[in-house]
Amino acid sequence: MKYWLMKSEPDVFGINDLMKRPKKTEHWDGIRNYQARNMIRDEMQKGDQAFFYHSNAKQIGIVGIMSICREAYPDYTAFDPDSKYYDPKSNPDNPRWFMVDVKHVRKFKNIITLDTLKQHADQLGDIALLKRGNRLSINPVTKKQWDYILKLEQ
DNA sequence: GCCAACGTTGGC
DNA sequence: GCCAACGTTGGC
């Protein structure tokens, strides 16, 4: 099993939105970056665990845990001219973008803020999230980092 | 709202 | 293949 961190802007789609969905599941659409796409398409597996990270928010940080409940399939929002994620270069015969389905596992009582994570940068090693200039919306997390971060939830 | 740090596009 | 221009992400 692998571990991930997935970013979303809570103003667009936050953990509370996921919890309100039927069966607490939703497709994770809108990934339009090749590195991120390759990770979800080639590496993410059903049962993997992911941190839900709120970016571009008043309170930035990890707010809970999700699991991957469906492996990668074509992101159909790319085919819809009315979608803000529309990409004319992607089509059903040769899809360029992919998405997975996620399921809510639990919400932390308190957010683990980016600031807190930074304070533990030494123990977290070379975690992708804290790398300079990191803008990827999908980040790999090692088991060691995962376990360490979980202990920060108090 | 600003802007650093990317990633992408397209002319050459 | 180079690189300037442009677009996006995301912290502040």
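Each chain gets a letter, A, B and so on, in the order the sequences are listed, and its residues count up from 1.
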Ring centroid separation A:F52 to A:W28 under 6.0 Å
yes
Rounded to whole Å, how long is the line connecting atom CZ of A:R32 with atom P of B:dT9?
13 Å
Which comes earlier along DNA chain B counting from the 5' end, the contact point of A:R96 or that of A:G133, where each point is its nearest nucleotide?
A:G133
Looking at A:K151 and A:D147, does any basic side-chain N land under 4.0 Å from a carboxylate oxygen?
no
Hey, does A:K131 reach any base, or is it just sugar-phosphate, or nothing, if we go heavy atoms under 4.0 Å?
nothing
Could you check how far CG of A:L130 sits from P of C:dT9, rounded to whole Å?
20 Å
Across the strands shown, which category fits A:Q35 at heavy-atom distances under 4.0 angstrom: base, sugar-phosphate, nothing?
sugar-phosphate
Please state how far atom CD1 in A:I138 lies from atom P in B:dG7, giving the value in whole angstrom units.
15 Å
How many Å lie between NZ on A:K7 and P on C:dG11, as a whole number?
6 Å
Would you kindly give the NE2-to-P distance between A:H54 and C:dG10, to the nearest whole Å?
13 Å
Determine whether the aromatic ring centres of residues A:W97 and A:Y85 are separated by less than 6.0 angstrom.
no
For residues A:K7 and A:N56, is any side-chain donor paired with an opposing acceptor at under 3.5 Å?
no
Atom-to-atom span, CG of A:N134 to P of C:dC12 - whole angstrom
13 Å
Heavy atoms only, 4.0 Å cut-off, all strands: where does A:R132 land among base, sugar-phosphate and nothing?
sugar-phosphate
Have a look at A:K118 and say if it touches a base, only the backbone sugar-phosphate, or nothing, with a 4.0 Å heavy-atom cut-off.
sugar-phosphate
Presence of donor-acceptor pair under 3.5 Å, side chain of A:R135 and base of C:dT8
yes
To the nearest Å, give me how far apart CG (A:N38) and C1' (B:dG7) are.
14 Å
Would you mind reading off the distance between A:Q59 atom CD and C:dG11 atom C1', rounded to a whole angstrom?
14 Å
Picking from C:dG10, B:dT8, B:dG10, the nucleotide nearest the side-chain atoms of A:S55 would be C:dG10
Check this one for me: any side-chain N or O of A:Y53 less than 4.0 Å away from OP1 or OP2 of C:dG11?
yes
Distance under 6.0 Å and angle within 45° of ring axis: A:R106 vs A:F108
no
